Each structure stands twice: as C-alpha cells, then as structure tokens.
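Here's the structure, in structure tokens; my notes come after.
These figures come from a predicted structure and were not determined experimentally. FYI, side chains are in, hydrogens and waters are out, and symmetry mates aren't considered; it's all heavy atoms of this structure. Naming: A, B, ... by sequence-line order, numbering from 1 per chain.
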Amino acid sequence: MRWSRYFLYTSKEDPAEAEAPSHRLLLRAGFVKQVSAGVYEILPAGWRVIRKIESVIRKEMDRSGAQELLLTVLNPAELWKETGRWDSYGDELFRLKDRNSREYCLGPTHEEEITDLVRRFIRSYRQLPLILYQIQVKFRDEKRPRFGLIRGREFLMKDAYSFDTDEMSAMMSYETMKFAYDRIFKKLRLNVVMAEASVGNIGGSMSHEFIAPTEYGEARFGYCENCSYAANAEIIPLPKPAQESEEERPLEKVKTPGTKTIEALSDFLKVPPRKILKALLYRVKDEWLMVLIRGDREVDENKLEAVLGTDEFRLATDEEVRELLGTEKGFIGIFNLPDRIRTLWDNSVHGVKNMVVALNEPDWHYVNANPGRDFHYGEFADLAQVADGDPCPKCGSPLKVRTGLEVGHIFLLGTRYSEPMKAYYTDPEGKERPIVMGCYGIGVSRVMAAIVEQNHDDKGIKWPTPVAPFELEVLCLNMSDKDMASVAEKIYMEAEEKGIETIYDDREESAGFKFADADLVGFPYRIVVGKKVKEGKVEIQKRATGESWDVPVGEAVNRVKELIEEDKR
RNA sequence: CGGGGCGUAGCUCAGGUGGCAGAGCGUCGGCUUUGGGAGCCGAAGGUCGGGGGUUCAAGUCCCCCCGCCCCGACCA
C-alpha cells in the first residue's frame with residue numbers, strides 16, 4: 001500500500017476530548033473516528049487491526065470445536081420478555097419499534113436469541129455438547145461511555161455459548177473455553193490475569209474475568225504472587241482482624257471543631273485514620289442503614305449490595321442526616337440512634353482499641369472509645385474495599401491490587417436461560433431435561449484499546465507484530481531524490497512479493513514529518529531509505545525497542561522477514 | 001442519574017468592562033528545502049452548538065435546549 005493513496009490521516013496535536021492513551025493515540029494516529037459518545041467508526045488501518053484480532057480469535061475458537069454463526073442485531077422483544085430481561089435490563093437496552101409498532105431491541109448480548117435458536121434444533125442428548133459463537137456488533141446504552149473504545153455504546157464482541165447435558169459436562173466446556181482464551185490473549189500479545197469474578201446480573205454459578213492490567217482501567221483486581229490466586233476486588237473477602245492488645249485508656253469527650261473529614265479529624269487529634277470509626281448513613285429502599293467502618297477503609301458498594309440483596313440504596317443526603325440524627329456529615333456516630341436505624345459493622349472495625357467515635361453532635365468526638373466498655377458491636381459483615389497489602393484469602397500473603405481492563409468474561413450459566421425458555425433435551429432414559437449453558441465473551445474493539453494501553457510510549461503506538469495494521473513501513477526520506485525513490489520503490493515491491501504486509505511512505509513530506517508519523521502510527525518495522533543508499537545501505541528500525549541496523553539494500557527485506565517471523569512465533 | 005469542565009475555521013486554541021471574526025497547524029497555488037513534525041510569498045476556509053430574550057449593537061449579558069469530556073454512581 002502506498003501511503004500517498006491510503007486513507008490514513010494523522011494529526012499533529014492531541015485531540016481535545018481524549019485522555020486515556022489508547023483513546024488519544026487511536027484518534028490521533030487515524031485508526032478511529034468518533035461519531036458520538038461511545039460510538040466510533042473504525043477506519044482502514046484500525047479495521048486491519050480488528051481483522052487480525054478476529055482471526056486469532058476465530059482460529060482458536062474453531063480449534064476448540066466451537067462453530068461460528070451470525071445472529072441478528074435486531075432482537076424481537078418477546079424473547080427478552082420470556083427471561084424477564086426486557087424489564088430487568090433497564091435503560092441500557094436500546095429499544096425500538098417497527099412500522100407496525102412491534103417492539104425490538106438492539107442486541108446487547110445474545111443469550112435469549114441463541115437459546116431460542118438452539119431449542120428449535122436440539123432435541124436429544126446425542127446432539128450435545130455444542131459450542132456456538134459469533135463476532136458481531138453489540139449495543140448498550142451505557143450511562144457513561146468512557147475512554148474511547150474502552151467503554152462504547154456500540155462495540156465489537158465475540159460471544160460464545162455452550163450447551164451441555166449436565167453440570168459436569170458444562171464444566172468441561174467451560175474449561176475448554178478457558179484454555180482457548182489463554183491461547184488467544186497470548187497470541188494477541190496481551191498481558192492478562194484470569195481473575196475469579198462475580199456472576200452479576202447475567203446469573204449462573206461460576207465466572208472468571210480476563211483482565212489486562214492497565215493504568216486506565218475500570219476493573220480493580222487483586223492477585224497473590226505467592227499462591228497465584230487472583231480475583232476481582234469486589235469478591236475478595238476480608239476477614240475480621242485479630243483483637244488489638246493495646247491497653248484501654250479512659251474515655252474522653254473532645255471538642256473537634258469543623259473536622260468534617262477523616263483526614264481533618266486525624267490531623268486535628270493526631271490519631272491515625274485506622275483508629276477512627278467512620279459512620280455512613282444509607283437509604284435502603286424505605287429504610288435506614290448505618291455502616292460502620294474503619295477510617296482508613298472505603299465501603300465497596302458491590303459487597304454491600306451482595307449483603308443487602310438489593311441495589312436499591314444510596315448515601316443519605318445532608319438534609320436527611322440533619323433530620324434523622326440532628327447532626328452533620330462528619331459527626332455521625334453510633335450513640336443515641338433511633339431504633340429504626342439498622343447497623344452493619346464492617347469486619348475491619350473488629351478488635352480496634354481506643355477509637356475515635358462521633359456522637360451525633362456537631363464539633364464533638366469521643367476519644368479512646370472501646371468495644372464492650374463504651375459501645376457494643378452489632379451485626380458484622382464484609383463490606384470494605386480491598387486495598388494493596390490485604391491478606392490473600394488462600395494463603396494469607398499480602399495481595400497486590402491493581403486496575404485493568406476486562407477484555408474477556410466467562411460464565412457457567414447453568415439453566416438460567418434454558419429453564420424459562422424451555423430449552424430441553426431428552427436424556428437416554430427418555431426424560432426431558434433443561435440444557436446446561438455457559439457463555440463466553442471477548443470485547444474485540446476493547447482488545448484493540450487494551451493492546452495500545454499496554455504498548456505505547458510518548459511518541460505513539462508500538463503495535464505487536466501479530467496485530468499490526470502493516471508489518472513493515474518503507475520510508476523514503478526524500479521523494480525528489482531519484483536514486484532514493486527508486487531504491488525505496490524496489491524494496492517496497494520486493495517486500496510485497498515476499499508476502500510482507502507493507503506500507504510505503506511515498507508522500508512528498510520532510511524527513512522529520514515522516515519519522516514522527518511512523519512513530520505515531522507504530523508499524524513494528526521500518527526500512528529507512530536515506531542518504532546511505534549512496535553506499536548501498538538502508539536502515540532497519542524496530543519500533544518496539546528502538547533498535548536499528550544498517551544493512552545492504554539487497555538484504556534488507558529478507559532480514560525484516562526473519563524478524564517478523566520470529567515475532568509471530 | 002449527581003458533581004465539574006467545555007462547545008469559535010478541518011485540528012489545537014485566543015478573543016477583559018457588548019462595538020468590523022483571530023492565531024498556529026492543516027488545505028490549495030508558487031518558490032525553496034529533505035536523517036526527526038523546514039522556510040518564504042499568496043489564497044481559500046466561519047449559521048461563533050441551536051433557539052429565544054435584553055440592546056442602536058451580542059461570540060461576549062440573560063433564559064431554555066442540545067452535544068462532548070472528566071469524577072462518582074452504574075455496568076456481562
């Protein structure tokens with residue numbers, strides 16, 4: 001491909017709206033174009049990357065026995081009503097009506113449609129197990145699309161679904177997919193951690209997330225370097241710590257003017273945050289709940305949701321705190337509580353001695369409050385966000401907690417969909433049984449973003465060879481120099497002939513301009529044709545490492561071919 | 001959905017107290033230049049996000065709406 005004819009237009013300046021590196025670089029280097037919030041066009045160079053990612057996925061899915069098909073984007077509402085998700089999916093579902101007022105949605109995922117398809121063809125245990133998959137555009141009307149391709153409202157996804165006769169067999173399908181995913185991410189040169197995850201709304205009994213560690217990420221996960229445990233932070237349990245052995249000091253009431261935050265109170269009293277009892281008032285449906293947690297801890301609202309069994313809760317407003325407790329936020333405590341307030345004590349509070357506790361009186365705190373003597377614990381629960389250094393639930397070593405991007409997620413669904421949709425098969429005894437399902441997703445467009453997040457520097461992208469839009473760029477530094485241009489042309493033709501995916505920068509631009517563009521767009525190898533052609537030499541440069549080699553003109557293409565093949569192994 | 005920021009040329013942005021619509025980059029034409037986003041000359045390019053209002057006069061002040069980004073909540 002000649003760059004002078006290629007639909008690839010870079011920009012010298014960072015786009016104003018982008019912050020995350022992948023968002024910024026994919027826009028600036030001309031891979032994608034934004035249409036509206038969370039909706040992107042994928043331009044030719046970007047599409048070449050996507051197609052390579054897809055082909056890696058296809059190869060591994062096919063190899064594991066899965067069969068590709070293509071479901072519809074337009075889903076009839078009836079199927080979604082069968083599983084109850086027409087209502088429970090909420091505003092995230094793009095809904096529309098046809099000219100006859102029949103209701104549809106744009107598929108955000110395809111459990112309903114695939115289950116409908118399978119129940120029409122699968123009748124016998126002899127037809128199972130079965131794994132079907134597709135690569136298709138998905139629609140989710142996210143409340144907050146973010147970071148370009150990382151969280152879009154329209155995005156590409158590979159979704160696979162497994163169908164088995166029983167839980168045991170389903171587990172084997174699940175394991176098969178786990179191995180396939182492992183191979184896929186390795187081939188994509190994406191560093192991922194497989195983490196235990198919660199099943200969430202989709203339902204089911206077991207789930208793992210494949211998280212690519214990145215600075216800009218939405219998933220928090222913890223992992224243990226000692227025993228290789230890894231899990232999404234929201235499901236890592238934190239036990240009650242042991243009782244502190246500190247001697248109990250006498251209770252004291254202290255004036256603490258204006259100390260509305262833990263930080264301010266800690267500074268004022270010269271007491272570490274972990275010695276402060278933090279109290280948060282929640283509105284849960286129509287009831288009140290006070291959560292007590294150590295001052296150095298944050299509430300993980302996913303854990304709170306799991307404990308409460310509902311997501312219908314929020315923090316109380318300033319007015320509600322005033323009305324109910326007669327105090328201000330920052331001075332909420334456990335004393336003189338109205339009976340109708342339920343309390344939940346986070347495990348972290350257990351055993352802490354000589355705490356600072358508010359008493360629902362603005363500008364006053366107790367210091368040296370002790371359990372048993374000055375107050376009594378209530379119901380304990382695990383509600384705290386996991387932090388770096390918390391103990392591994394398997395072996396007790398300190399965990400590392402990081403952020404990342406969830407690029408894949410697999411679920412053992414059980415009969416969550418087959419049961420309500422009556423997807424049954426007949427077993428060898430002639431009895432009807434529900435098919436046991438699993439589902440397996442990879443965010444294809446998000447994978448492209450994740451690769452950029454993990455492979456870039458301040459100049460631009462460094463595409464790993466297996467997913468690069470072109471493997472080689474031939475860069476002619478001066479198009480008006482006849483010798484240079486003809487050598488560059490020859491090298492370009494030779495590279496194409498030898499099956500190297502090559503882009504030839506034949507644009508009439510200055511050397512600096514072309515180098516800067518080459519770094520930005522990030523093709524893994526380039527052959528620079530410059531002044532050294534006079535000595536019969538050109539320069540090979542490797543984007544990932546910055547290495548370069550001067551080689552004779554006649555050897556350059558073969559040398560690059562070797563390097564590329566090595567990378568792809 | 002709550003909080004914050006922004007919307008002016010293709011892109012990045014400047015335009016106190018209301019008074020002729022601007023710069024750099026990019027584009028087009030010409031000259032010159034070619035190992036790290038070159039230089040000079042010239043040109044084209046705008047419903048100032050949209051609507052309403054105040055005013056002799058609105059990019060600027062007021063009201064309503066829309067869009068985009070960031071934080072939080074939410075999220076297979």
[X] ring center near [Y] ring center (under 6.0 Å):
| X | Y | answer |
| --- | --- | --- |
| A:Phe185 | A:Phe210 | yes |
| A:Phe515 | A:Phe513 | no |
| A:Phe470 | A:Tyr6 | yes |

Tell me the interatomic distance from [X], atom [atom1], to [N], atom [atom2], rounded to whole angstroms.
| X | N | atom1 | atom2 | value |
| --- | --- | --- | --- | --- |
| A:Arg314 | B:A73 | CZ | P | 16 Å |
| A:Glu298 | B:A73 | CD | C1' | 14 Å |
| A:Arg283 | B:A73 | CZ | C1' | 18 Å |
| A:Leu475 | B:G36 | CG | C1' | 11 Å |
| A:Glu17 | B:C6 | CD | C1' | 11 Å |
| A:Asp517 | B:C25 | CG | P | 17 Å |
| A:Glu320 | B:G2 | CD | C1' | 14 Å |
| A:Asp505 | B:U34 | CG | P | 18 Å |

Worksheet item: After noting the C-alpha distance and the side-chain angles of A:Glu111 and A:Thr109, does the key distance pass the side chain to side chain donor-acceptor pair (under 3.5 Å) rule?
Response: CA-CA 6 Å; A:Glu111 284 79 16; A:Thr109 174; 2.7 Å; yes
Does [X] contact [N] through a side-chain donor or acceptor facing the base, at a distance under 3.5 Å?
| X | N | answer |
| --- | --- | --- |
| A:Arg151 | B:C75 | yes |
| A:Glu509 | B:G37 | no |
| A:Glu13 | B:G24 | yes |

Discussion item. I'd like the P distance from B:C61 over to B:A14, given in whole Å.
Written reply: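 Each nucleotide's P atom is 15 Å from the other's.
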Discussion item. Within the 4.0 Å heavy-atom criterion, would you say A:Gly530 contacts the bases, only the backbone, or no part of the nucleic acid?
Written reply: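 Base contact - A:Gly530 has a heavy atom under 4.0 Å of at least one base atom.
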Practice prompt. Identify the nucleotide, in any strand shown, that forms a Watson-Crick or G-U wobble pair with B:C1, with both distances under 3.5 Å; if there is none, say none.
Written response: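 Partner of B:C1: B:G72.
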